[in-house]
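Structure first, then comments.
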2 protein chains.
Amino acid sequence: MARTPGRRRMITVHGFSPSGNCHKVRLLLEHLGREYRWVETDSSRGETRTPAFLAKNPNGKVPMVELEDGRVLVESNAILCWLADSTPFLPVDAWQRAQALSWMFFEQYSHEPYVAVARFICGWTPHDSPRRTELPRLRERAHEALAVMERHLSSHAWFTGEHYGVADIALFAYTHVAGHGGIPLDGYPAIRDWVTRVQSAPGFVAMPAPDPVARARIDASV
Amino acid sequence: MARTPGRRRMITVHGFSPSGNCHKVRLLLEHLGREYRWVETDSSRGETRTPAFLAKNPNGKVPMVELEDGRVLVESNAILCWLADSTPFLPVDAWQRAQALSWMFFEQYSHEPYVAVARFICGWTPHDSPRRTELPRLRERAHEALAVMERHLSSHAWFTGEHYGVADIALFAYTHVAGHGGIPLDGYPAIRDWVTRVQSAPGFVAMPAPDPVARARIDASV
């Protein structure tokens, strides 16, 4: 984590480290070499539903970026766009920027609710959770989203024009751990190659591995 | 619908008129006075799942914008940002633009999957559809989203800084017809006032009323 010039204010990120949505923010900050403060906020234990947290984000979710003057910004992909503004991670060309946004909305609507939720159920709910009945449908929809990504990556190196950027970071977050939700990437060679490219980018930091309890649940689920 | 200077290329919008996501695009184009061609595409009858459509958008959804050279842009909120670029509907200030994006991601993740899906089930599925068992949960989550909006609108006129903009258009689309899904706005005076402000904006066009079959289903559902 490098220090950056003083004209950029220190930011605080409230995030839950095993969350892909939160890791997106950390990953871009590390790529940019920007200094930041991380406040671990365990949403699985209700820490985003306290009165103090809800006063800052009434929607009760992390990640949340807080500036020194108390202003906040929420929604992982909006945070990525803000951090990436005037950097190579956000295209300057309006059409390419729109395509990056398009993939980011795809991620939040057609990908995350299946890929990330299947992972959450497998690792962070008890073995007898009634939510486990949702898994077959979630996995089916997850594979539909992965097929759309595979098709794009069969003829493009990245999701944002010619360069690694915000759309790649948004889609990488849960795609590379899809296996935790019982959604293997075996049938997606272009996605697997792209995951390797992302992991090779300067400043890349891995998402923390699931804790032993989550790991045991995942191993028993998939 | 005014003609605009020739330097702007003609665009084609593939959309399903009763869809709020599609109406967002029409509404902004009308506010901007931009010329466009509308290709009615009935997603409820599989018209977004034909081989010809899937060749353009593998995710099989409308709205989809198509340029004269065949390039396409999908995802309603990405289309709004692209159309609004360099207009008063998208803030110039990076922080305000990020706040607009934040509300648009909120709309697609925490609002549309409940408010819009409840409306779809009530109006566009048969009375005996098994999906109707989802309605209580969808309505509960819809009210959570509306409460977040009400709180913001209690001290702000708009969702995007000081002006009507893309975030308002994105949130207006399904909020103003939440009643179709059995989600009345009675308890949200600030939202109701904001709906009236949107409807008073220059160039505003109303979303088409549900057809008689959908109307009868809605009346029997709520």
Side-chain angles (χ1 to χ4, degrees), chain A residues 9 21 49 54-55 57-61 63-65 67 69 71-87 90 93-113 116-117 141 144-152 154 166-167 170, chain B residues 9 21 49 54-55 57-61 63-65 67 69 71-87 90 93-113 116-117 141 144-152 154 166-167 170:
Chain A
R9 289 163 298 202
N21 283 326
R49 294 280 166 182
L54 290 171
N57 178 12
N59 203 31
K61 292 185 195 301
M64 174 175 76
V65 158
L67 305 187
D69 62 10
R71 288 183 295 163
V72 300
L73 178 62
V74 294
E75 296 293 333
S76 59
N77 290 350
I79 294 169
L80 289 184
C81 288
W82 179 69
L83 290 172
D85 198 59
S86 306
T87 81
L90 189 71
D93 175 73
W95 180 260
Q96 286 300 334
R97 203 164 54 240
Q99 295 294 341
L101 278 177
S102 179
W103 281 112
M104 294 169 96
F105 282 108
F106 165 84
E107 190 264 340
Q108 285 287 286
Y109 195 87
S110 299
H111 180 288
E112 201 269 12
V117 174
R141 302 293 288 270
E144 290 174 12
L146 293 173
V148 172
M149 292 173 63
E150 179 74 10
R151 180 172 157 150
H152 176 85
S154 299
V166 286
Chain B
R9 289 162 298 200
N21 283 327
R49 294 280 167 181
L54 289 171
N57 178 11
N59 203 30
K61 293 185 194 298
M64 174 175 75
V65 158
L67 304 187
D69 61 10
R71 287 182 295 162
V72 301
L73 177 62
V74 296
E75 296 291 334
S76 59
N77 291 350
I79 295 170
L80 288 184
C81 288
W82 179 68
L83 290 171
D85 198 59
S86 306
T87 80
L90 189 70
D93 175 72
W95 180 260
Q96 286 300 333
R97 201 164 56 241
Q99 295 294 340
L101 278 178
S102 179
W103 281 112
M104 295 169 95
F105 281 107
F106 165 85
E107 190 265 339
Q108 284 288 285
Y109 195 87
S110 300
H111 179 288
E112 202 266 13
V117 174
R141 302 293 288 270
E144 290 175 11
L146 293 173
V148 172
M149 292 174 64
E150 178 74 10
R151 178 172 160 151
H152 176 84
S154 299
V166 286

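Only the side chain of A:L67 comes within contact range of chain B, with heavy atoms under 4.5 Å apart. With a 4.5 Å cut-off on non-hydrogen atoms, A:L90 does not touch chain B at all. Contact of B:W95 with chain A is made through backbone and side chain together, with heavy-atom distances under 4.5 Å. In this structure, chain A has a heavy atom under 4.5 Å from the side chain of B:R97, while its backbone stays farther away.
A:N59 meets the side-chain hydrogen bond (donor to acceptor under 3.5 Å, both in side chains) test with B:S110; sequence neighbours excluded. A search for salt bridge (Lys or Arg N to Asp or Glu O under 4.0 Å) contacts involving B:R151 returns nothing, not counting sequence neighbours.
Side chain of A:Q99 to main chain of B:A78: no donor-acceptor pair is present (N/O by atom type, distance under 3.5 Å, no hydrogens or angles).
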Task: CA sep, side-chain torsions, deciding dist, call: A:Y109, B:E112, side-chain hydrogen bond (donor to acceptor under 3.5 Å, both in side chains) - done: CA-CA 9 Å; A:Y109 195 87; B:E112 202 266 13; 2.7 Å; yes
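Rounding to the nearest 0.5 Å places CD of A:E75 at 11.0 Å from CD of B:E107. A:S102 contributes atom OG, which lies 12.0 Å from atom CH2 of B:W82 (distance to the nearest 0.5 angstrom).
Interface remark: of the candidates B:H152, B:M104, B:K61, B:R71, B:R71 forms the most heavy-atom pairs closer than 4.5 Å to chain A. Ranked by non-hydrogen atom pairs under 4.5 Å with chain B, the options A:L101, A:L73, A:V148, A:V74 are led by A:L73.
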